[in-house]
Colleague: 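Got a structure for you, questions after.
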Amino acid sequence: MNVQTGYLQNVDGSCLYSLNSTKVISSVTGPIEPKPRQELPTQLAIEINLRPATGVPTTREITLQNKVRTVITPILASYKFPRQLCQITLQLLQSGETESLFNQLELAACINSTVFALVDSGVPLKNLAMATTIVIDSNNNIINENITDDILKNSKSAHVIVYQIENNKPSNLLLMDSHGDFDEDDVFKVLEVSESNVRQLNKSFRDYIQSKLNN
């Protein structure tokens with residue numbers, strides 16, 4: 001994982017996030033004045049736009065946007081900014097993924113990048129959220145790091161797990177997005193391994209933020 005916050009100059013917060021073959025830039029602007037159709041009377045409105053590495057947005061990008069919104073909405077302290085708007089823009093730079101496994105790596109990268117950008121912007125958060133990708137290969141082995149295109153092509157299933165972080169440890173399961181063939185035992189194995197991954201991601205996140213504050 002490689003992270004660089006404050007990557008863009010003309011927004012409130014941004015992050016360049018890369019993991020293996022996937023790279024994404026996220027930007028956060030807000031709270032700002034919304035258009036009348038976007039305004040919510042009691043909370044902060046959220047606008048998320050995701051742009052593909054090539055071409056124009058399709059239903060695939062709309063699906064990704066909705067999943068990112070599902071994760072981000074519970075962790076935002078939206079009650080602090082009624083009738084205001086937070087704009088989140090995600091630009092995919094590299095999409096090294098197989099179509100058969102849809103968007104598992106991209107989804108995890110987009111979620112983690114957005115969380116880093118939100119922290120960089122100073123928008124109040126109630127909690128953090130961290131996403132990890134887990135792959136089960138054809139021999140039922142769990143792969144949770146260094147996931148490449150070849151591993152995805154030969155895998156039985158791929159899963160994105162997102163946990164809410166409370167008191168510096170994973171608590172609520174915010175999202176489990178799975179693709180492929182798997183059974184109940186596989187799900188429990190994935191959840192167990194993913195919790196350990198998220199703990200490590202949370203530690204890396206806090207180390208990065210502490211280092212940036214010290215500098």
Side-chain angles (χ1 to χ4, degrees), residues 1-3 5 13 15 17-26 28 46-50 60-78 86 88-90 92 95 97 101-121 123-136 142-147 152 155 157-180 182 184 186-206 208-209:
M1 183 177 70
N2 186 27
V3 176
T5 56
C15 176
Y17 183 97
S18 59
L19 182 64
N20 297 330
S21 57
T22 304
K23 183 182 289 186
V24 59
I25 294 178
S26 60
V28 174
I46 305 172
E47 178 186 332
I48 299 177
N49 297 299
L50 192 148
R60 184 175 185 270
E61 282 68 45
I62 299 298
T63 301
L64 272 171
Q65 288 175 193
N66 291 336
K67 290 175 181 178
V68 173
R69 181 188 299 276
T70 299
V71 171
I72 297 304
T73 301
I75 68 170
L76 278 174
S78 55
C86 178
I88 300 172
T89 302
L90 297 158
L92 293 170
S95 178
E97 205 174 341
L101 286 168
F102 194 44
N103 53 17
Q104 307 308 105
L105 293 179
E106 289 179 2
L107 177 57
C110 286
I111 290 171
N112 290 339
S113 177
T114 301
V115 172
F116 272 97
L118 285 169
V119 172
D120 186 53
S121 71
V123 174
L125 301 175
K126 294 184 289 186
N127 299 288
L128 295 176
M130 288 288 153
T132 185
T133 303
I134 307 292
V135 169
I136 301 177
I142 301 287
I143 302 173
N144 62 348
E145 58 184 7
N146 299 325
I147 298 172
L152 284 170
S155 67
S157 63
H159 313 261
V160 174
I161 313 296
V162 187
Y163 278 102
Q164 183 174 325
I165 307 295
E166 289 182 307
N167 299 320
N168 209 23
K169 61 182 181 181
S171 58
N172 297 329
L173 180 66
L174 295 177
L175 179 69
M176 181 173 184
D177 189 76
S178 303
H179 180 91
F182 54 92
E184 185 177 354
D186 292 333
V187 169
F188 286 122
K189 290 178 184 177
V190 166
L191 289 174
E192 183 179 354
V193 174
S194 64
E195 183 175 351
S196 175
N197 275 17
V198 167
R199 286 179 185 273
Q200 184 60 44
L201 282 171
N202 179 54
K203 183 179 183 302
S204 299
F205 170 83
R206 291 181 180 277
Y208 177 85
I209 296 299

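These numbers were taken from a predicted model, which means no experiment stands behind them. Numbers for residues simply follow the sequence, beginning at 1.
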Colleague: Would you give the length of the straight line joining atom CD1 of I88 to atom OG1 of T114, rounded to the nearest 0.5 angstrom?
Modeller: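 Reported to 0.5 Å precision, the distance equals 5.5 Å.
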Colleague: Can you tell me how far the CD atom of E106 sits from the CG atom of L92, to the nearest 0.5 Å?
Modeller: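 The distance works out to 5.0 Å.
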Colleague: If the condition is side chain to side chain contact (heavy atoms under 4.5 Å, CB included), which residues does N172 pass it with, not counting sequence neighbours?
Modeller: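 N172 satisfies side chain to side chain contact (heavy atoms under 4.5 Å, CB included) with Q164, E166 only.
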Colleague: By side chain to side chain contact (heavy atoms under 4.5 Å, CB included), which residues pair with N146, not counting sequence neighbours?
Modeller: N20
Colleague: Kindly determine whether N66 and I48 satisfy side chain to side chain contact (heavy atoms under 4.5 Å, CB included), including the steps that lead there.
Modeller: CA-CA 8 Å; N66 291 336; I48 299 177; over 6 Å; no
Colleague: For T132, give me all partners under side chain to side chain donor-acceptor pair (under 3.5 Å), at least two apart in sequence or on another chain.
Modeller: N197
Colleague: Compare all side-chain heavy atoms of L76 with those of L118 and state whether any distance is below 4.5 angstrom.
Modeller: yes
Colleague: Taking T133 for the side chain and L105 for the main chain, is one N or O donor matched with an acceptor at less than 3.5 Å?
Modeller: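 It does not hold such a pair.
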Colleague: So how far is it from Q104 CD to S157 OG, rounded to the nearest 0.5 Å?
Modeller: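 With rounding to 0.5 Å, CD (Q104) is 9.5 Å from OG (S157).
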Colleague: Specify the closest pair of heavy atoms between A117 and C15, including all atoms of both residues, with the distance to one decimal.
Modeller: N-CB, 4.0 Å
Colleague: Looking at every heavy atom in both R199 and P170, which two are closest together, and how far apart are they?
Modeller: CG-CD, 3.5 Å
Colleague: Can you name the closest pair of heavy atoms from L128 and I75 and give their distance?
Modeller: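 The pair with the smallest heavy-atom distance is O-CG2, 4.1 Å.
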Colleague: Which atoms form the tightest heavy-atom contact between I143 and I147, and what is the distance?
Modeller: O-CD1, 3.9 Å
Colleague: Distance check, rounded to the nearest 0.5 Å: I161 atom CD1 versus L191 atom CG?
Modeller: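 Here the rounded value is 5.5 Å.
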Colleague: Quick check: do L125 and V119 have side-chain heavy atoms less than 4.5 Å from each other?
Modeller: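 L125 vs V119: side chains touch.
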Colleague: Would I209 and F205 satisfy side chain to side chain contact (heavy atoms under 4.5 Å, CB included), going step by step from the backbone distance to the final call?
Modeller: CA-CA 6 Å; I209 296 299; F205 170 83; 3.9 Å; yes
Colleague: S196: which residues meet the side chain to side chain contact (heavy atoms under 4.5 Å, CB included) condition with it, sequence neighbours left out?
Modeller: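 S196: no side chain to side chain contact (heavy atoms under 4.5 Å, CB included) contacts found.
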Colleague: If you compare all heavy atoms of N202 against all heavy atoms of N168, which two are closest, and at what distance to 0.1 Å?
Modeller: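 The pair with the smallest heavy-atom distance is ND2-OD1, 2.7 Å.
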Colleague: Using side chain to side chain contact (heavy atoms under 4.5 Å, CB included), reason through V198 and V162 one step at a time and then give a plain yes or no.
Modeller: CA-CA 8 Å; V198 167; V162 187; over 6 Å; no
Colleague: So do V28 and C86 actually touch side chain to side chain, heavy atoms under 4.5 Å?
Modeller: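 Yes - at least one pair of side-chain heavy atoms lies under 4.5 Å apart.
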Colleague: Supply the atom-to-atom distance Q65 CD to I46 CD1, rounded to the nearest 0.5 angstrom.
Modeller: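 Result: 12.5 Å between the selected atoms.
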Colleague: Measuring only between side-chain heavy atoms, which start at C-beta, is I142 closer than 4.5 Å to I136?
Modeller: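 Answer yes - side chains close enough.
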Colleague: Using a cut-off of 6.0 Å, state whether more than 12 heavy atoms not belonging to K203 lie near its atom NZ.
Modeller: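 Count not over threshold, so no.
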Colleague: Run the numbers on Q200 and M1 for side chain to side chain contact (heavy atoms under 4.5 Å, CB included), then give the verdict.
Modeller: CA-CA 12 Å; Q200 184 60 44; M1 183 177 70; over 6 Å; no
Colleague: Compare all side-chain heavy atoms of F182 with those of V190 and state whether any distance is below 4.5 angstrom.
Modeller: no
Colleague: On a heavy-atom basis, which atom in A129 and which in V71 lie closest, and how many Å separate them?
Modeller: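 Taking every non-hydrogen atom into account, CB-CG1, 3.8 Å.
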Colleague: Is there a side-chain contact between L174 and Y163 in this structure, where contact means two heavy atoms from C-beta onward sitting under 4.5 Å apart?
Modeller: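 Answer no - side chains too far apart.
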Colleague: Within a strict 4.5 Å, meaning less than it, do heavy atoms of the Y208 and T5 side chains meet?
Modeller: yes
Colleague: Run the salt bridge (charged side-chain N to carboxylate O under 4.0 Å, His left out) test against K189 and tell me which residues pass, sequence neighbours left out.
Modeller: none
Colleague: Can you tell me how far the OG1 atom of T63 sits from the NZ atom of K67, to the nearest 0.5 Å?
Modeller: 6.5 Å
Colleague: Distance-only, no hydrogens or angles: does the N49 side chain make a donor-acceptor pair with backbone N or O of T89 under 3.5 Å?
Modeller: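 It does not hold such a pair.
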Colleague: Heavy atoms, side chains only, cut-off 4.5 Å: are C110 and L50 in contact?
Modeller: yes
Colleague: E192: which residues meet the salt bridge (charged side-chain N to carboxylate O under 4.0 Å, His left out) condition with it, sequence neighbours left out?
Modeller: none
